[in-house]
Amino acid sequence: MPYLHSPEDLGDLLDGEPAYRVDQLRDWLYRTPVLSVQSMTNLPNQVREKLDRQLWPFDVELEQSADGGTTRKWLFRAPDGAAIESVLMGYPRRATLCISSQAGCALGCTFCATGQFGFERNLVAGEILAQVAYAQAFLRQIGMPGVPDHLTNVVFMGMGEPLANYDRVREAIRRMIDVMGISARSVTVSTVGMVPGIRRLGDEPWQVSLAVSLHAADDELRSTLVPINRRYPLQELEAAAAEYFQKKRRRLSIEWTMIAGVNDTSEQAVKLAAIATRLRAHVNLIALNPTPLTRETASSDSRIKAFARELGQRGVNVTVRDTRGRDIDAACGQLRVLAGKRGLTA
Ligand code: SAH
Ligand code: SF4
């Protein structure tokens, strides 16, 4: 499975072939990805046969489409049974892929389906990168109606906490930027607030975008929703985010899942506005997608609009995010299909 090899070590797979053949293979894997080895047209048969029978390090267990073919969700399955989920969202001038960094997640945020399902294992760099290459191959060879034929954005908002799997995520990002040619600015790492990871990412040479999943603007409330807040409380998180902004000069985003009666109050809006202003961050509001194990419900549309207005009045840039692919449970961080499979129904 060539994606499990470092792009620099592909020669090991094509023992005895000239260097230009290795370069051709690297181009097929990273520059112009294709869905199957058969499409690697300039490689002679004997070279294609040297590659593993399987190009991808996972099987496509489920592929679902929604929103008139502009949202697509894949549930990939690694040979050891680990589930990997990616969602591709197409727009007239954008194609954003949401990828997973871990199978499951150990951080247990109460409202998150992935957190409820527990931690299975870290994904390796090749498994993270292969999600990007697969979507790129899909856009090139099959495509979506009215959507660019290549990825414009990659967001780490699928399963798992990317900064809890730092080294492998780092290597996947390196391959995206240095080998695939994706620009660092179009890659967004979303974190629930792993402070040491934010610091390390700030020291990397890339201008990767950072999204902080805040959800609550005081420690008391945040610790009930996001257990890791007890380890890295808000003040430390805000300091690390501010430092990231200073180092990279990339606008931060704050993610805020709207939960009825919990974090959609005016009091939270006021506190959030203060944090967002200090960080000069953009706030994304997203309605909670109900999960099997919580009784919480999403804030109403009118409450979300009012909350957005309260932020806006305080000078904060705010977007209410659309919930793509609701009918296929494809919103990022939403893995009910998977949860259902594991018997985690309410
Ligand atoms: N672990 C990282 C990235 C994966 S989660 C993080 O937490 O940021 C990606 C996003 O989905 C996060 O902003 C998370 O808060 C959000 N999310 C999780 N569960 C959700 C739900 N039930 N409804 C809406 N958004 C959810
Ligand atoms: Fe993990 Fe992010 Fe879900 Fe929290 S919201 S449990 S950090 S995937």
Side-chain angles (χ1 to χ4, degrees), residues 2-11 22-23 25-33 57 86 94-102 122-136 148 150-158 160-214 232 236-255 278-282 284 332:
Y3 283 105
L4 296 184
H5 285 252
S6 158
E8 288 76 22
D9 294 337
L10 285 175
V22 179
D23 292 341
L25 174 61
R26 193 179 299 109
D27 282 350
W28 285 121
L29 295 175
Y30 296 95
R31 289 279 166 177
T32 50
S86 314
R94 260 186 314 137
T96 298
L97 180 70
C98 175
I99 57 171
S100 299
S101 55
Q102 300 179 309
N122 283 318
L123 300 185
V124 299
E127 290 172 320
I128 299 170
L129 194 283
Q131 297 169 65
V132 182
Y134 192 91
Q136 194 79 289
H150 59 276
L151 291 173
T152 62
N153 296 84
V154 176
V155 299
F156 279 88
M157 292 189 185
E161 166 54 42
L163 298 182
N165 184 16
Y166 192 91
D167 291 336
R168 294 167 174 121
V169 164
R170 181 197 184 281
E171 173 60 12
I173 293 174
R174 183 193 74 80
R175 292 180 196 176
M176 282 177 222
I177 296 171
D178 290 355
V179 192
M180 289 187 89
I182 293 177
S183 90
R185 288 157 179 264
S186 59
V187 176
T188 299
V189 171
S190 176
T191 179
V192 74
M194 304 285 288
V195 165
I198 296 173
R199 295 236 157 80
R200 282 181 76 184
L201 194 65
D203 290 333
E204 302 290 356
W206 314 298
Q207 284 207 304
V208 164
S209 304
L210 185 70
V212 177
S213 298
L214 210 63
Y232 305 115
E236 276 180 49
L237 175 55
E238 189 182 326
E243 209 177 284
Y244 192 87
F245 178 76
Q246 262 144 31
K247 284 181 191 156
K248 302 291 175 194
R249 293 279 141 197
R250 294 286 300 145
R251 190 182 66 178
L252 302 165
S253 343
I254 291 176
E255 306 296 310
R278 287 196 295 271
L279 289 174
R280 279 179 270 172
H282 185 100
N284 290 310
C332 288

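Quick note: residue numbers are just sequence positions, from 1.
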Can you tell me how far [atom2] of [Y] sits from [atom1] of [X], rounded to the nearest 0.5 angstrom?
X	Y	atom1	atom2	result
I182	L129	CD1	CG	8.0 Å
T152	L97	OG1	CG	10.0 Å
R199	L163	CZ	CG	12.5 Å
M157	C98	CE	SG	7.5 Å

Charged N-O contact under 4.0 Å between E171 and R174: yes

Can a donor-acceptor pair be found, under 3.5 Å and without considering hydrogens, that links the side chain of [X] to the backbone of [Y]?
X	Y	answer
Y232	V192	no
E255	A211	no
E127	V124	yes
R94	N153	no
N284	S253	no
Q207	K248	yes
R26	P7	yes
S100	Q102	no

Taking it one step at a time, do D203 and K247 satisfy side-chain contact (heavy atoms from CB on, under 4.5 Å)? CA-CA 8 Å; D203 290 333; K247 284 181 191 156; 3.1 Å; yes

Applying side-chain contact (heavy atoms from CB on, under 4.5 Å) to M176 and L151, what does each step give before you reach the verdict? CA-CA 11 Å; M176 282 177 222; L151 291 173; over 6 Å; no

Any non-hydrogen side-chain atom of [X] less than 4.5 Å from a side-chain atom of [Y]?
X	Y	value
V154	I173	no
F245	L210	no
L252	R280	no
L29	V179	no
F156	I128	yes
H150	Q136	yes
V187	W206	no
E204	I177	no

Taking ring pair (Phe, Tyr, Trp, His ring centres under 6.0 Å) as the definition, give me every residue that meets it alongside Y30, ordered by chain and number, with sequence neighbours left out. Y3

State, to 0.1 Å, how close [X] and [Y] come at their nearest heavy-atom pair, and which atoms those are.
X	Y	value
S190	S213	OG-OG, 3.5 Å
S86	Q131	OG-OE1, 2.9 Å
N165	L123	ND2-O, 3.0 Å
A164	M194	CB-CE, 4.0 Å
P162	V169	O-CG2, 3.4 Å
V212	A241	CG2-CB, 4.5 Å

Tell me yes or no: between the side chains of E161 and S101, is some donor less than 3.5 Å from an acceptor? no

Taking atom CZ of R200 as the centre, does the number of heavy atoms from other residues, nucleotides or ligands within less than 6.0 Å exceed 12? yes

